[in-house]
Engineer: 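The structure is given below, and queries will be raised subsequently.
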Amino acid sequence: MWLSWRSCSAPSSRSRSSGPGSPQSPQIRQQWNHPRIYTSLKSAASDVEEDKEEEAQPKDEEIQPKTEQALDAAVRPAKAAVAVDASKPVCYETSRRSDTCEAAGDVRLVGRSQTIYVDTLEREWKTRPYCRKHDTYALSHVKEWSLKPFPSGDGAAPKCTSNSSATAFVISTGGFTGNPFHDYTDVLIPAFITAHRFAGEVQFLVSSYKSWWMSRYIQIFQQMSRYEVVDIDADDEVRCYPSAVVGPTFHKELGVDPSKAPSGVSVADFRKMLRSAFGLERATATPSGDRWDIRRRPRLLIISRRTSRGRAFMNERAMADMAGSLGFDVRIGDPDTTSDTSKFARLVNSCDVMVGVHGAGLTNMVFLPAGAVLVQVVPYGRLEWLARNTFAEPSAGMEVHYLEYVVQLDETTLSEQYPSDHLVLKDPMAIHKQGWDALKTTYLDKQNVRPHLGRLKKTFLEALKMLPHGRDD
């Protein structure tokens, strides 16, 4: 027996409700499919290793003339709760993917002009607060921010209209946001890495704000901050703070490097925060203590995709029937059919095994309990490198077991679209050499899969052995 997400939801649990998300716009969908979304992944692993030996470097900006500081003592905010490291330049490289700027003193932020005035600065700095700093396409959707010294002359500094003792934290939800993988890799996890040390005394000022996107993840921001989230580009206030951070810090795909994190946090801490944010009950994949409880049966979730999008299972129901015959309580869910992140997160958290074809839907692994199993089905076309960088490597930090099922030639619909001697089938690497557009169009957009049930059964049995459910006897 199996149940579809469309007709069945996860067991109810305590959770703050999230606002409804707005429909995804054609512009966002176009960004999801842009070739640059995946191109940086080939070098991601080597970038992380090289970052380990990299010291913080100042950004190369034109030096501005030194000016006198115009201070307004009556409205100056309280001193920063967390000191800024004076040994670092104001803006510095935190990884090959991210720059971060930090400043303390009399900080006055004018959102509509993306400008921050700081009395302690001696030159101007510029940055785009998004973790793909070498991706020109992504950054074309991210506004540039300037950190400037106070203007010279009495009364030239903008007057504060709002004061806070928190640290201002400017991030952007431009770039590739709207794709769940990039939501977590480029924004949410880097924001957690940066904000954690402030223990809630931080206010998120979001540039390139999307209301539908924020409604999807507002519970996460409420866990990281005690203050309201501000659509800063549309803000008419002159907001004054004792300190400011512009731009989150990236470590690795869907992960945290505790040795680099200011407070030593890990991705396990991030996942714990997610459980609090969405009211997820299961920290570990352990069966119910009640022998008659259906939850003693391991639950398997199949991540569904529409055939028009590519990378869909053509024999989804047969897969579900086969998994049910092995003793799994099967669910089928398509994360794109719901805007209720909390609801889908609870479904994933209720499961012990999650299986899906490579794609953004597998990002929901962040909600799996520790000890669960992720089965990534890798499409035909020598895409193992892509599968490894995006989901295989992050699974270890999340304490999730990882299995891989690589689609063979007789399991892909490409064999129905091309003659047997075509390069697409005979020599995938020849298509790789034609560039990302050709690779993506051929092996990700046009391909659906039909896993051989006999082969897949072996993978499901292997997953079952990894679970405590399979060791009850």
Engineer: Quick one: which of F204, Y227, Y209 gives a ring pair (Phe, Tyr, Trp, His ring centres under 6.0 Å) with F221?
Structural biologist: F204
Engineer: Roughly how far apart are F192 CZ and T249 OG1, rounded to 0.5 Å?
Structural biologist: 13.0 Å
Engineer: I need the E144 CD to S172 OG distance, nearest 0.5 Å.
Structural biologist: 12.0 Å
Engineer: Examine distances only and state if a side-chain atom of N349 and a backbone atom of R282 form a donor-acceptor pair shorter than 3.5 Å.
Structural biologist: yes
Engineer: What I want to check is whether the side chains of D233 and S207 have a donor and an acceptor closer together than 3.5 Å.
Structural biologist: yes
Engineer: Under 3.5 Å, side chain of N389 to main-chain N/O of L386, donor-acceptor pair present?
Structural biologist: no
Engineer: With the threshold set at 4.0 Å, does a side-chain nitrogen-carboxylate oxygen contact exist between K272 and E399?
Structural biologist: no
Engineer: Quick one: does Q203's side chain have a donor or acceptor within less than 3.5 Å of a partner on E228's backbone?
Structural biologist: yes
Engineer: Do the side-chain N and O atoms of E404 and Y402 include a donor-acceptor pair separated by under 3.5 angstrom?
Structural biologist: yes
Engineer: Minimum heavy-atom separation for Q376 to A387, with atom names?
Structural biologist: NE2-O, 3.3 Å
Engineer: Quick one: closest heavy-atom pair of Y184 and P190, and the distance?
Structural biologist: O-CD, 3.5 Å
Engineer: List the atom of A372, the atom of L467, and the distance in Å for their closest heavy-atom pair.
Structural biologist: CA-CD2, 4.3 Å
Engineer: May I ask you to decide if D334's main-chain N or O and R306's side chain share a donor-acceptor pair within less than 3.5 Å?
Structural biologist: no
Engineer: Looking only at heavy atoms, which two atoms of L347 and C351 are closest? And how far apart?
Structural biologist: O-SG, 3.3 Å
Engineer: With rounding to the nearest 0.5 angstrom, report the CD1 to SG distance, I116 to C240.
Structural biologist: 11.5 Å
Engineer: A side-chain contact here means heavy atoms from C-beta on lying under 4.5 Å apart; do L254 and F391 qualify?
Structural biologist: yes
Engineer: Minimum heavy-atom separation for F198 and V202, please, with both atom names.
Structural biologist: CB-CB, 3.9 Å
Engineer: Could you give the distance from CE (M354) to CG (N364), rounded to the nearest 0.5 Å?
Structural biologist: 6.0 Å
Engineer: If we only count heavy atoms from C-beta on, is the K143 to V170 side-chain gap below 4.5 Å?
Structural biologist: no
Engineer: Kindly indicate whether the side chain of V353, heavy atoms from C-beta on, has any atom under 4.5 Å from the side chain of L301.
Structural biologist: no
Engineer: Taking atom types as modelled, find out whether Y92 and D99 have a side-chain donor-acceptor pair closer than 3.5 angstrom.
Structural biologist: no
Engineer: For the side chain of R271 and the backbone of M398, is there at least one donor-acceptor N/O pair under 3.5 Å apart?
Structural biologist: yes
Engineer: Would you say T441's side chain and D437's backbone share a donor-acceptor pair under 3.5 angstrom?
Structural biologist: yes
Engineer: Using every non-hydrogen atom in the two residues, find where L403 and V373 come nearest and quote the distance to one decimal.
Structural biologist: CD1-CG1, 4.0 Å
Engineer: May I ask you to decide if the ring planes of F176 and Y137 are parallel, tilted or perpendicular, using 30° and 60° as cut-offs?
Structural biologist: parallel
Engineer: Rounded to the nearest 0.5 Å, what's the gap from CG on D186 to CG on D183? Could you check?
Structural biologist: 8.5 Å
Engineer: Please check if the side chain of R311 supplies one atom and the backbone of L444 the other of a donor-acceptor pair under 3.5 Å.
Structural biologist: yes
Engineer: Is it true that the side chains of E201 and T167 contain a donor and an acceptor less than 3.5 Å apart?
Structural biologist: no
Engineer: Between atom CD of E237 and atom CD1 of I232, what is the distance when rounded to the nearest 0.5 Å?
Structural biologist: 9.0 Å
Engineer: Tell me, please, whether F250 has R97 positioned over its six-membered ring: NZ or CZ under 6.0 Å from the ring centre and within 45 degrees of its axis?
Structural biologist: yes
Engineer: Please say whether more than 12 non-hydrogen atoms of neighbouring residues, nucleotides or ligands are located less than 6.0 Å from CZ in R275.
Structural biologist: yes
Engineer: Indicate yes or no: at least one non-hydrogen side-chain atom of Y443 is less than 4.5 angstrom from one of P379.
Structural biologist: no
Engineer: Start with the C-alpha distance between D236 and R112, add both sets of side-chain angles, then the distance that settles salt bridge (charged side-chain N to carboxylate O under 4.0 Å, His left out), and finish with yes or no.
Structural biologist: CA-CA 7 Å; D236 291 320; R112 283 198 179 273; 2.4 Å; yes
Engineer: Go through the side-chain N and O atoms of T177 and K210 and say whether any donor and acceptor fall under 3.5 Å apart.
Structural biologist: yes
Engineer: Are any side-chain N or O atoms of R108 and backbone N or O atoms of V118, one a donor and one an acceptor, separated by less than 3.5 Å?
Structural biologist: no
Engineer: Is the shortest side-chain heavy-atom distance between L274 and V366 below 4.5 Å?
Structural biologist: yes
Engineer: Answer yes or no: is there a side-chain heavy-atom contact under 4.5 Å between K133 and R96?
Structural biologist: no
Engineer: Determine whether a donor-acceptor pair (N or O, by modelled atom type, separation under 3.5 Å) exists between the side chain of T115 and the backbone of S113.
Structural biologist: yes
Engineer: Do the non-hydrogen side-chain atoms of S98 and P248 ever get within less than 4.5 Å of each other?
Structural biologist: no
Engineer: Would the distance check show the side chain of S304 and the main-chain N or O of I332 forming a donor-acceptor pair, the cut-off being under 3.5 Å?
Structural biologist: no
Engineer: Answer yes or no on whether R123 is positioned over the face of W125, meaning its NZ or CZ is under 6.0 Å from the six-membered ring centre and within 45° of the axis.
Structural biologist: yes
Engineer: Can you confirm if the aromatic rings of F344 and F367 lie within a centre distance of less than 6.0 Å?
Structural biologist: no
